[in-house]
Amino acid sequence: MDALSDVLRVAHLTGGVFMHADFSAPWCMAARIAPEHCRPAIGQASHLIPYHYVVEGELRIRVEGEDGEAFLLGAGDVVLLPRNDLHLMGSDLSLAPVSGTDIIQPPGAGGLFSIHHGGGGSRTRLICGFLGYDSSDGNPMISTLPSLLKLKAERGGAAEWIRSTFQYAAEEVAAGRPGSETVLAKLSELLFVEAVRRYAEALPEGQTGWLAGLRDPHVARALALLHRDIARAWNVDVLSREVGLSRSALAERFVRLIGVPPMYYLGTWRMQVANLKLRHTSASLAQVADMVGYGSEAAFSRAFKKSFGTAPATWRRSNS
């Protein structure tokens, strides 16, 4: 198992689609996805990653409060917001924005939320969806992503399958055909993985962070080993021999790129996996302790309480 796949699995991504929007220039909207718009699809999501897929036309988008140029999106482009930040989108971002919650229309029977807004000029159509995921606290990948990820699905390029499938599903949603929302929900999960992979591949030399660590062959191997066998009695000596570096060289590279020593990282990751097991399985505390490498339930409980502020049994009752 590679580390990225494992991190994505533990994030427990669940996709959904909640709105189709039809804008006409000039327009400007301030938006942040509200949890109540997602509950029909995924229930009570701990965290949300909204995305916007441009079916037709173009728009500009910028995270509120951030400096820099706005992103220009055209038909076939997708933008994801990993932290669900308040963002501006529109034909002209210098206009006074309307709040998305003021113009969104509730769905009809079995339909989607919708927006029809603007001044009657050139048209832009969007499909807006989301990913729900378990807590980002301690998730090394999600916490290092930028506030906005743009994925350009060029016609004929490597991501042609995204463009063509999204286009098909978007037209199905617009026509109200059964099953179209399910197609888009599953596609949104694949979309996020593709966006993360492309972002990691484009990181500049010298960049640090978890995704940058995947590009260093020794750190990437160390991460893969820790994720593949989380319950093993690891120490830095054992890990460095497996990786093929000296103890000090591995520790230096790992801290420089990941930000923490290898064994600290392992302890944090074990708690993330334990969180997943407690939330989504019926395994006993002793079984969860064994799964994540603790020799006793008592030792596991102490480590869990230190990380989450409450005993695992109490946490499970509150979060299941």
Side-chain angles (χ1 to χ4, degrees), residues 1-15 35 42-49 82-83 131-145 189 192-193 196 209-211 213-214 219-239 242-243 251 254-255 257-320:
M1 179 181 295
D2 68 272
L4 180 56
S5 295
D6 194 35
V7 166
L8 289 165
R9 176 184 63 83
V10 171
H12 206 255
L13 298 171
T14 308
I42 59 172
Q44 190 71 39
S46 355
H47 296 271
L48 298 169
I49 300 173
R83 287 185 285 281
L131 289 152
Y133 64 99
D134 283 348
S135 173
S136 63
D137 298 337
N139 187 296
M141 181 268 297
I142 290 176
S143 63
T144 60
L145 289 174
E189 298 167 32
F192 181 70
V193 175
V196 169
W210 192 85
L211 287 167
L214 296 183
V219 172
R221 176 157 173 75
L223 288 169
L225 287 166
L226 295 175
H227 280 263
R228 186 175 65 196
D229 196 358
I230 189 176
R232 183 174 172 181
W234 290 105
N235 59 49
V236 179
D237 289 326
V238 172
L239 185 61
E242 294 267 5
V243 169
F254 204 98
V255 170
L257 288 170
I258 307 301
V260 295
M263 295 304 104
Y264 182 93
Y265 175 87
L266 176 62
T268 302
W269 185 245
R270 282 172 167 169
M271 291 300 101
Q272 286 292 302
V273 175
N275 183 306
L276 177 76
K277 299 297 183 184
L278 291 171
R279 189 191 297 264
H280 297 291
T281 77
S282 59
S284 69
L285 295 187
Q287 289 171 324
V288 173
D290 185 61
M291 289 174 188
V292 297
Y294 286 85
S296 71
E297 184 179 327
F300 166 65
S301 294
R302 286 193 298 271
F304 191 93
K305 187 171 183 178
K306 183 177 180 181
S307 292
F308 295 101
T310 186
T314 305
W315 188 93
R316 173 179 255 175
R317 286 193 296 271
S318 302
N319 291 273
S320 56

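Fair warning: this is a prediction, and the values are worked out from it, not measured in the lab.
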About how many Å separate [atom2] of [Y] and [atom1] of [X], when rounded to the nearest 0.5 Å?
X    : Y    : atom1 : atom2 : result
T144 : L211 : OG1   : CG    : 4.5 Å
W269 : N275 : CH2   : CG    : 10.0 Å
R316 : R279 : CZ    : CZ    : 11.5 Å
L276 : T281 : CG    : OG1   : 7.5 Å
L4   : L214 : CG    : CG    : 6.0 Å
L285 : K277 : CG    : NZ    : 14.5 Å

Item to check | Intermediate values then yes/no, side chain to side chain contact (heavy atoms under 4.5 Å, CB included), R270 and I230 | outcome: CA-CA 7 Å; R270 282 172 167 169; I230 189 176; 3.5 Å; yes
Could you tell me whether a side-chain N or O of [X] sits under 3.5 Å from a main-chain N or O of [Y], the two making a donor and an acceptor?
X    : Y    : result
R302 : E297 : no
Q287 : S284 : yes
R232 : L225 : no

Nearest atoms (heavy-atom pairs only) where [X] meets [Y]:
X    : Y    : answer
M141 : L8   : CE-CD2, 3.4 Å
W234 : D229 : NE1-O, 2.9 Å
A274 : F300 : CB-CE1, 3.5 Å
Y133 : P82  : OH-O, 3.5 Å
L145 : R83  : O-NH1, 2.6 Å
I258 : G209 : CD1-O, 4.1 Å

Next on the checklist: Would V260 and T268 count as a side chain to side chain contact (heavy atoms under 4.5 Å, CB included) here? Give the steps.
Outcome noted: CA-CA 10 Å; V260 295; T268 302; over 6 Å; no
Next on the checklist: Between L223 and Y265, is there a side-chain heavy-atom distance shorter than 4.5 Å?
Outcome noted: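 Yes, close enough: below the 4.5 Å cut-off.
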Item to check | Verdict with reasoning, Y294 to V292, per side chain to side chain contact (heavy atoms under 4.5 Å, CB included) | outcome: CA-CA 6 Å; Y294 286 85; V292 297; 3.7 Å; yes
Next on the checklist: Which label fits W210 and H227: parallel for a plane angle under 30°, tilted from 30 to 60°, or perpendicular past 60°?
Outcome noted: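 The arrangement is perpendicular - the two ring planes meet at more than 60°.
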Checklist entry - Mind checking whether F304 and W315 have parallel, tilted or perpendicular rings, split at 30° and 60°? => result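 The arrangement is perpendicular - the two ring planes meet at more than 60°.
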